[in-house]
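Everything on this sheet refers to the single structure shown next.
This one's a predicted model, so the numbers in the text were calculated from it and none came from an experiment. Computed over heavy atoms, backbone and side chain alike; hydrogens, waters and symmetry mates excluded.
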Amino acid sequence: MSTDKSKPYIPLAGGADDGWSQEHEATATCYCGGIQLAFPTQGPGLVDTFLCHCTDCRKITASMFASNFIVVDSHLRHLRGRENLKSYSQSRTIGSGKSMTNFFCSTCGSLMYRVGEAFPGHSILRIGTVDDFNLHETRLRPRIEQYAKDRVGWLHGIEGFEQVQGSAYRPKSSI
């Protein structure tokens, strides 16, 4: 990890070597490099950052939580590979009861983002797909832990993060 967090640190990770980070925008790339997105690194396009311990995030990441950030769709750009995205939607286990669609790379399986029917105009991206690892600790550092009630007992709440027992976000009522 780079000690100077003000400059991009883009290590070789996975199949792509063309990620970048600028003052207001950076890239997120799937593991094989086939899909690359550009997203804002500050508001108004960057809405929020959070960890999620919900059962869906645990299952879909094959881990104990997901590290996420929310972007306004009008600020999210597909640089390559949009045709390689496959999707899976369901509503049965989603807290809002509304459909959540997951967009995966059809080659490597990386989850690139989720789109919830309850949150129109927004996409939820995974911090782990971001090419500039310094952004993981700076502009994209999560500020909220949601579904803390479902956090595994051996993992403790992170100091300085707002702890929310359920969802930190309320669905839009105009759906």
Side-chain angles (χ1 to χ4, degrees), residues 1-52 56-57 60-61 63 65-89 100-146 158 160-162 164 167-172:
M1 215 27 112
S2 170
T3 58
D4 183 356
K5 304 295 184 213
S6 68
K7 296 185 185 335
Y9 171 57
I10 304 175
L12 182 61
D17 62 1
D18 63 345
W20 50 265
S21 180
Q22 300 169 352
E23 186 177 350
H24 302 291
E25 192 175 49
T27 55
T29 308
C30 68
Y31 187 67
C32 73
I35 298 170
Q36 189 172 65
L37 309 170
F39 65 90
T41 59
Q42 59 190 30
L46 176 63
V47 176
D48 210 351
T49 58
F50 65 100
L51 294 183
C52 187
D56 273 15
C57 280
I60 205 164
T61 62
S63 187
F65 60 88
S67 54
N68 307 292
F69 62 105
I70 304 169
V71 173
V72 176
D73 287 343
S74 61
H75 291 77
L76 180 63
R77 296 187 297 131
H78 288 79
L79 300 179
R80 69 169 172 261
R82 191 175 204 152
E83 67 282 359
N84 292 341
L85 286 170
K86 296 293 181 195
S87 64
Y88 173 74
S89 298
M100 180 73 77
T101 303
N102 304 284
F103 291 88
F104 299 89
C105 174
S106 62
T107 302
C108 68
S110 295
L111 174 59
M112 295 306 295
Y113 56 92
R114 304 181 87 193
V115 175
E117 184 182 37
F119 305 98
H122 296 82
S123 292
I124 304 166
L125 285 74
R126 300 296 192 206
I127 295 173
T129 63
V130 175
D131 297 315
D132 180 353
F133 278 37
N134 279 344
L135 288 175
H136 301 179
E137 294 190 54
T138 57
R139 292 183 182 198
L140 298 178
R141 182 181 189 273
R143 59 175 211 87
I144 295 170
E145 278 191 86
Q146 71 173 17
I158 299 172
F161 283 32
E162 179 184 345
V164 179
S167 177
Y169 308 98
R170 300 290 161 237
K172 303 289 185 220

Heavy-atom side-chain contact between [X] and [Y] under 4.5 Å:
{"X": "Tyr169", "Y": "Val47", "result": "no"}
{"X": "Val130", "Y": "Arg139", "result": "no"}
{"X": "Met100", "Y": "Val115", "result": "no"}
{"X": "Ser21", "Y": "Asp131", "result": "no"}

message = If you apply the rule side-chain contact (heavy atoms from CB on, under 4.5 Å), what do you find for Leu79 with Trp20, and how did you get there?
response = CA-CA 12 Å; Leu79 300 179; Trp20 50 265; 4.0 Å; yes
Output the distance between atom [atom1] ([X]) and atom [atom2] ([Y]), rounded to the nearest 0.5 Å.
{"X": "Glu117", "Y": "Ser89", "atom1": "CD", "atom2": "OG", "result": "9.0 Å"}
{"X": "Asp48", "Y": "Phe69", "atom1": "CG", "atom2": "CZ", "result": "12.0 Å"}
{"X": "Leu46", "Y": "Leu76", "atom1": "CG", "atom2": "CG", "result": "11.5 Å"}
{"X": "Cys52", "Y": "Ile124", "atom1": "SG", "atom2": "CD1", "result": "8.0 Å"}
{"X": "Arg114", "Y": "Asn102", "atom1": "CZ", "atom2": "CG", "result": "4.0 Å"}
{"X": "His136", "Y": "Arg141", "atom1": "NE2", "atom2": "CZ", "result": "14.0 Å"}

query = Hey, would you say the His78 and Tyr113 ring centroids sit under 6.0 Å apart?
reply =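 Under 6.0 Å, so yes.
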query = Are more than 12 heavy atoms from other residues, nucleotides or ligands located less than 6.0 Å from atom OH of Tyr31?
reply =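 Incorrect, the count does not exceed 12.
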Nearest heavy-atom pair of [X] and [Y]: which atoms, and what distance?
{"X": "Gln22", "Y": "Thr41", "answer": "O-OG1, 4.4 Å"}
{"X": "Thr27", "Y": "Gly19", "answer": "OG1-CA, 3.3 Å"}
{"X": "Gly45", "Y": "His75", "answer": "CA-CG, 3.5 Å"}
{"X": "Gly128", "Y": "Ser67", "answer": "N-OG, 4.2 Å"}
{"X": "Ala168", "Y": "Ile144", "answer": "CB-CG2, 3.8 Å"}
{"X": "Ser123", "Y": "Asp73", "answer": "OG-OD1, 2.6 Å"}

query = Can Ile35 and Thr129 be said to form a side-chain contact (heavy atoms from CB on, under 4.5 Å), step by step?
reply = CA-CA 10 Å; Ile35 298 170; Thr129 63; over 6 Å; no
message = Working note: Val72 + His122, criterion side-chain contact (heavy atoms from CB on, under 4.5 Å); need CA distance, chi angles, decisive distance, verdict.
response = CA-CA 5 Å; Val72 176; His122 296 82; 4.0 Å; yes
Spell out, as yes or no, whether a donor-acceptor pair under 3.5 Å connects the side chain of [X] to the backbone of [Y].
{"X": "Ser106", "Y": "Asn84", "result": "yes"}
{"X": "Asp132", "Y": "Tyr9", "result": "yes"}
{"X": "Glu145", "Y": "Ile158", "result": "yes"}

query = So Gln42 and Glu23, side-chain contact (heavy atoms from CB on, under 4.5 Å) or not? Walk me through it.
reply = CA-CA 9 Å; Gln42 59 190 30; Glu23 186 177 350; 5.6 Å; no
request  = Would you mind checking if Asp18 and Arg80 are paired as a salt bridge, meaning a charged N to carboxylate O distance below 4.0 Å?
outcome  =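 Yes, charged N to carboxylate O under 4.0 Å.
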